[in-house]
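Start at 1 and go down the list; that is how both ligands and their atoms are numbered.
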Amino acid sequence: MQFREEMLHCYLVGGTQDVNHDPKRFLNDVSIAMDSGITAFQYREKGTSQLNQEQRVQLGLKLRRLADQHHIPLIVDDDVELAQAINADGIHVGQKDQRVEQVLAAVGNTMFVGYSCNQPAQIKHANQLPVAYVGSGPIFPTSSKNDADPAMGLEKLHGLVTISTHPIVAIGGITEANMIQTLAAGVAGLSMISMILQSADIQKTVQHINSLY
Ligand code: 3NM
């Protein structure tokens with residue numbers, strides 16, 4: 001699937017570690033989120049994930065079918081082998097992951113690439129690369145990522161937006177209470193784990209996010 005900037009509007013990230021290590025609940029919640037209108041999904045097994053590679057492939061293939069049914073891009077975090085095994089539409093690479101140049105070379109035209117940048121120098125580097133989008137965070141404190149950098153806040157985010165030639169999706173600590181201000185920093189979209197996966201009403205939360213555009 002070809003990348004379009006609107007895919008960043010309501011971008012859900014998640015893995016089994018985000019739902020009490022319960023794969024059934026994970027698939028069910030992702031399916032509800034897709035039914036409700038998320039615009040992209042990133043499969044991210046990290047941190048305390050207990051799944052081995054074969055289990056990730058099996059779960060990833062189920063996500064592939066769900067994403068196809070909903071015409072939503074499936075993006076894999078950081079793992080080229082897994083992304084290729086499940087025919088992902090995109091791969092997301094962090095600063096601490098495999099070098100982005102290596103990933104771009106490995107996937108060629110078969111997938112689009114997202115790249116995490118939270119410093120001006122990193123954005124300038126990304127500007128030189130054929131990545132589809134940049135993910136910047138954490139904007140606010142988050143408990144969903146063990147090795148997250150300190151929260152950057154909205155002014156710094158706005159500064160990154162002004163120098164980036166790629167669309168930026170904000171991530172980290174985004175809630176219904178701060179999403180409007182976050183979008184006002186000029187980002188193309190909002191990315192979140194807990195706001196959606198810990199929501200008491202996933203459909204209502206997703207619709208609330210989409211109502212901002
Ligand atoms: N990446 P929540 S913050 C996966 O800063 C991820 O790059 C981040 O989870 C970054 O929406 C983060 O629950 C966790 O705060 C986002």
Between His21 and Thr48, is the side chain to side chain contact (heavy atoms under 4.5 Å, CB included) condition met? List the steps. CA-CA 9 Å; His21 304 279; Thr48 59; 3.4 Å; yes
Please name all residues satisfying salt bridge (charged side-chain N to carboxylate O under 4.0 Å, His left out) with Arg4, sequence neighbours left out, ordered by chain then number. Glu6
Please check if the side chain of His70 supplies one atom and the backbone of Leu66 the other of a donor-acceptor pair under 3.5 Å. yes
Report the relative orientation of the aromatic rings in His125 and Tyr115; use parallel for angles under 30°, tilted for 30 to 60°, perpendicular for over 60°. perpendicular
For ligand 1, what N or O to protein N or O distances fall under 3.5 Å?
residue, atom, partner, partner atom, Å
ligand 1, 5 (O), Gly137, O, 3.2
ligand 1, 5 (O), Pro138, N, 2.8
ligand 1, 9 (O), Ser144, OG, 3.4
ligand 1, 11 (O), Ile193, N, 2.9
ligand 1, 13 (O), Ser144, OG, 2.5
ligand 1, 13 (O), Ser194, N, 2.9
ligand 1, 13 (O), Ser194, OG, 2.4
ligand 1, 15 (O), Thr142, OG1, 2.6
ligand 1, 15 (O), Gly173, N, 2.7

Check the orientation of Tyr213 and His9. Use parallel for under 30°, tilted for 30 to 60°, and perpendicular for over 60°. parallel
Between Gln53 and Asp79, a side-chain donor and acceptor under 3.5 Å: yes
